[in-house]
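Taking it in order: structure first as structure tokens, then the write-up.
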There are 2 protein chains.
Amino acid sequence: MSSPSTPPKRPLTLRDVSEASGVSEMTVSRVLRNRGDVSDATRLKVTEAAKRLGYVPNKIAGALASQRVNLVAVIIPSLSNMVFPEVLTSINEVLDETPLQPVFGVTNYQPEKEESVLFEMLSWRPSGVIIAGLEHTDAARAMMRNADVPIVEIMDLDGDPIDAIVGVSQRRAGREMAEAIIAEGYRKIGFMGTNMPLDHRARKRFEGFSEALAKAGIEIADQEFYSGGSALVKGREMTATILKRSPDLDFLYYSNDMIGAGGLLYCLANGIDVPGQVGLAGFNGVELLNGLPKQLATMDAERHKIGRAAAEIIAARTLGQDAPQRVELTPRLQFGETLKRP
Amino acid sequence: MSSPSTPPKRPLTLRDVSEASGVSEMTVSRVLRNRGDVSDATRLKVTEAAKRLGYVPNKIAGALASQRVNLVAVIIPSLSNMVFPEVLTSINEVLDETPLQPVFGVTNYQPEKEESVLFEMLSWRPSGVIIAGLEHTDAARAMMRNADVPIVEIMDLDGDPIDAIVGVSQRRAGREMAEAIIAEGYRKIGFMGTNMPLDHRARKRFEGFSEALAKAGIEIADQEFYSGGSALVKGREMTATILKRSPDLDFLYYSNDMIGAGGLLYCLANGIDVPGQVGLAGFNGVELLNGLPKQLATMDAERHKIGRAAAEIIAARTLGQDAPQRVELTPRLQFGETLKRP
DNA sequence: GATAATTCTGTTAGCGCTATCATAGGCAAT
DNA sequence: ATTGCCTATGATAGCGCTAACAGAATTATC
């Protein structure tokens with residue numbers, strides 16, 4: 001089971017290719033990177049030798065010598081919430097057309113973990129950083145400020161960015177949903193969400209929501225929080241609980257679509273008239289919703305656009321082109337069939 | 001807005017910390033890596049200086065010098081199917097307790113993309129590779145064989161591994177599902193799946209499934225394939241289509257839970273008696289299912305265990321410990337409420 | 001007090017590549 | 001020929017760190 005040539009045990013280096021093709025290491029390097037003038041004849045000799053040997057360049061040495069690294073650090077809180085894989089997918093899409101390569105890190109919503117992941121990633125001297133949220137430890141902020149590469153904070157817009165920022169205003173999203181609900185005539189409003197003090201985006205949405213209600217002289221009539229477990233199940237359970245406790249609620253706002261979908265399924269199964277007796281709304285615009293018996297009202301958080309825009313900023317800045325410092329996307333309210341229209 | 005000391009424009013090196021603390025670079029290096037004996041006094045001086053300057057070590061240089069890289073390449077086909085983020089999450093969990101750091105790459109189910117992602121990753125000389133599936137281009141296989149690091153192929157078990165392998169037999173999973181369906185007395189069986197010739201796992205499941213049916217003298221009565229779009233919606237649509245075309249079907253097997261859930265919702269909405277008139281089953285055991293009005297029969301693909309086991313193999317081998325070459329996990333059939341029991 | 005054993009710290013030489021400059025050859029214009 | 005100006009290739013010197021060894025300082029042992 002050996003290659004056409006000799007089975008390489010000691011890892012191959014440029015020198016091996018150089019010897020195999022009878023030209024200098026420098027010329028091999030040039031051929032392999034398509035840089036500088038090389039005659040077609042030598043180019044051929046070299047590529048042929050490299051392929052025959054199965055040479056894989058050592059980017060570590062290359063990066064050290066050239067002081068250039070084609071990696072982009074991407075730091076997100078979790079992979080369990082589909083929102084983040086979606087953002088990653090679109091970042092990937094954009095970077096695929098560039099020499100840049102994303103590297104993902106997950107923080108589990110823990111600031112200290114974020115700090116250590118960031119440190120680890122910066123020690124690879126990436127060409128840019130894309131990081132979720134605006135809340136970081138002081139040390140993390142300092143590291144990013146000192147890193148001297150483009151930093152893009154994504155998802156959220158309410159706060160002071162370190163460098164560039166792309167996202168939606170979570171506060172405004174909450175506010176607009178509240179306004180729509182009030183406009184439709186609902187008055188006894190319940191809220192359900194995750195019990196994650198470190199999910200700043202959910203928190204801000206909630207703040208914007210209650211703020212707008214307050215402005216209309218309304219207070220949240222009841223609320224429920226959950227943590228862990230299947231969101232869909234929790235949505236059912238919390239809905240059952242809250243409606244039992246406060247049967248006079250006429251609207252339920254869920255901090256994410258998954259629990260919203262659970263709530264919707266609960267209502268449908270229990271003969272609750274939606275949106276007549278109770279209106280429902282979630283947040284995020286997950287694809288899943290399209291398949292439900294009834295379209296849940298929601299707001300699209302523009303996750304794909306966020307990923308794309310962030311990656312494009314990094315790509316542009318890496319090439320020395322200038323790029324926007326702030327991209328504000330506006331979530332669209334989708335009424336679906338659970339927030340009645342005038 | 002400058003640090004306590006001077007604002008670092010030229011990136012800091014060991015030398016800067018060395019000068020700031022009055023010891024040699026080597027000693028600084030030792031302190032920062034907790035290696036070798038260093039007196040408490042100097043240790044303190046150094047850590048203090050490093051922190052004050054905001055020094056971030058350059059792993060590129062470190063890796064080159066030490067010939068050690070703490071990265072593990074993880075290559076998966078997609079992030080859109082929750083299965084893969086789940087695997088990543090558990091890989092992450094395990095590696096979090098080691099000095100190793102996962103780096104993810106996505107292939108979009110394209111063999112050539114896989115090859116290029118692999119090449120790119122191997123050029124960073126990772127300590128190990130975890131890659132989904134057993135089907136790779138010849139060049140990709142050759143690269144992995146030559147890389148001289150642990151390789152773990154995951155998810156699938158039907159084929160020849162390069163090195164270690166962790167997964168479930170997809171063929172057997174399909175077969176067992178077929179046997180259970182037959183045992184329950186269903187005879188007119190329809191199949192619905194993705195139209196992805198490159199999703200080898202789905203293909204093998206289907207092969208195992210039809211093979212087992214054939215053994216019982218049964219042929220698939222009708223089938224539907226989809227590609228793209230929301231799986232839940234597609235599940236509804238395909239179910240409507242297939243039942244219209246073949247109203248005598250008494251069982252529907254879906255190649256994944258998402259379309260299965262769509263089919264279930266369709267049946268429930270249209271007054272079709274499940275599992276009396278029509279039985280249903282999917283594959284994967286996604287958490288989502290628990291929240292549905294009726295529990296869909298499915299098979300758990302053991303994704304978390306797969307991720308953990310793969311990461312553990314890499315971690316062990318990295319430390320020179322030995323580790324299993326083959327971990328066979330067995331998906332458990334969950335009957336739920338859509339595959340009637342004796 | 002001398003020697004050995006044990007800390008602790010420093011010196012030197014690369015890791016595998018690329019930037020930079022130097023040089024060899026080819027060819028046109030003078 | 002001579003000069004100039006290309007194109008194609010090579011030689012040299014590092015990138016920032018760590019392995020390996022060397023040496024200094026300290027302590028232990030007789």
Side-chain angles (χ1 to χ4, degrees), chain A residues 8 10-47 49-50 53-71 99 120 122-127 147-148, chain B residues 8 10-47 49-50 53-71 99 120 122-127 147-148:
Chain A
R10 173 185 52 73
L12 296 168
T13 72
L14 262 194
R15 151 159 263 113
D16 294 295
V17 183
S18 148
E19 282 167 3
S21 54
V23 299
S24 72
E25 296 179 36
M26 196 57 232
T27 301
V28 176
S29 168
R30 276 195 271 256
V31 171
L32 265 28
R33 288 177 301 144
N34 276 308
R35 203 150 308 217
D37 302 307
V38 181
S39 72
D40 289 345
T42 31
R43 179 179 304 282
L44 196 70
K45 269 194 300 189
V46 171
T47 46
L53 296 176
Y55 173 68
V56 177
N58 185 331
K59 288 222 182 198
I60 295 179
L64 183 62
S66 66
Q67 303 285 305
R68 258 184 269 106
V69 181
N70 65 342
L71 301 175
E120 173 79 19
L122 287 180
S123 73
W124 287 101
R125 301 288 187 269
S127 294
D148 199 34
Chain B
R10 174 184 52 72
L12 296 167
T13 72
L14 263 194
R15 153 159 261 112
D16 295 293
V17 183
S18 148
E19 283 168 4
S21 55
V23 300
S24 73
E25 297 179 35
M26 196 57 228
T27 302
V28 175
S29 168
R30 277 194 272 256
V31 171
L32 266 27
R33 287 177 300 146
N34 276 308
R35 200 145 316 207
D37 303 308
V38 180
S39 73
D40 290 345
T42 33
R43 181 179 302 283
L44 196 71
K45 271 193 300 188
V46 171
T47 46
L53 297 175
Y55 173 68
V56 177
N58 185 332
K59 288 223 182 197
I60 296 178
L64 183 62
S66 67
Q67 303 285 307
R68 259 183 271 105
V69 181
N70 65 342
L71 301 175
E120 173 79 18
L122 288 180
S123 73
W124 286 101
R125 301 287 186 268
S127 294
D148 199 34

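In what follows, chains are A, B, ... by sequence order, proteins preceding strands, each numbered from 1.
Side-chain to base pairing of B/Arg125 with C/dG16: no donor and acceptor N or O lie closer than 3.5 Å to each other.
Annotation: the span from A/Gln67 atom CD to B/Asn58 atom CG amounts to 7.5 Å, rounded to 0.5 Å. In this structure, CD on A/Glu120 lies 7.5 Å from CG on B/Leu71, to the nearest 0.5 angstrom.
Remark: C1' of D/dG10 and CZ of A/Arg30 are 8 Å apart, rounded to the nearest angstrom. Note: CG (A/Asp37) to C1' (C/dG26) measures 14 Å, nearest angstrom. Regarding A/Trp124, its CH2 atom lies at a distance of 16 Å from the P atom of D/dG16, rounded to whole Å. Taking atom CG on A/Leu64 and atom P on D/dC17, their separation rounds to 9 Å, with Å as the unit. Computed from coordinates, the A/Arg15 CZ to C/dC15 C1' distance equals 13 Å when rounded to whole Å. A straight line from CE of A/Met26 to C1' of D/dG10 spans 9 Å, rounded to a whole angstrom. Put simply, CD1 on B/Ile60 is 13 Å from C1' on C/dG16, counting in whole angstrom units. Rounded to whole Å, atom C1' of C/dT18 lies 14 Å from atom NZ of A/Lys59.
Contact check, A/Tyr55 against C/dG16: no side-chain N or O comes under 4.0 Å of OP1 or OP2. The shortest distance between the side-chain N/O atoms of A/Thr27 and the OP1/OP2 oxygens of D/dG10 is below 4.0 Å. Residue A/Ser24 has no polar side-chain atom (N or O) positioned under 4.0 Å from OP1 or OP2 of D/dT9. Not one side-chain nitrogen or oxygen of A/Ser39 sits closer than 4.0 Å to the OP1 or OP2 atom of D/dA8.
Residue contacts shown for B/Arg33 are limited to sugar-phosphate atoms, with no base heavy atom under 4.0 Å away. Residue contacts for A/Asn58: at a heavy-atom cut-off of 4.0 Å it reaches the sugar-phosphate backbone alone, with no base atom in range.
Between the side chains of B/Arg43 and B/Thr47, no donor-acceptor pair is found at a separation under 3.5 Å.
Of the candidate nucleotides C/dT11, C/dT18, D/dA8, C/dT18 has the atom lying nearest to any side-chain atom of A/Leu14. If you check C/dT9, D/dT18, D/dT9 against the side chain of A/Val38, the one that comes closest is D/dT9. With distances taken from any side-chain atom of B/Gln67 to the nucleotides D/dG16, D/dA19, C/dG16, the minimum falls on C/dG16.
With hydrogens and angles ignored, the 3.5 Å screen pairs a side-chain donor or acceptor of B/Ser18 with a backbone N or O of B/Val23.
If you find the closest nucleotide of DNA chain C to B/Glu25 and to A/Pro57, the one lying nearer the 5' end belongs to B/Glu25.
Heavy atoms of other residues, nucleotides or ligands lying less than 6.0 angstrom from CZ of B/Arg33 number more than 12.
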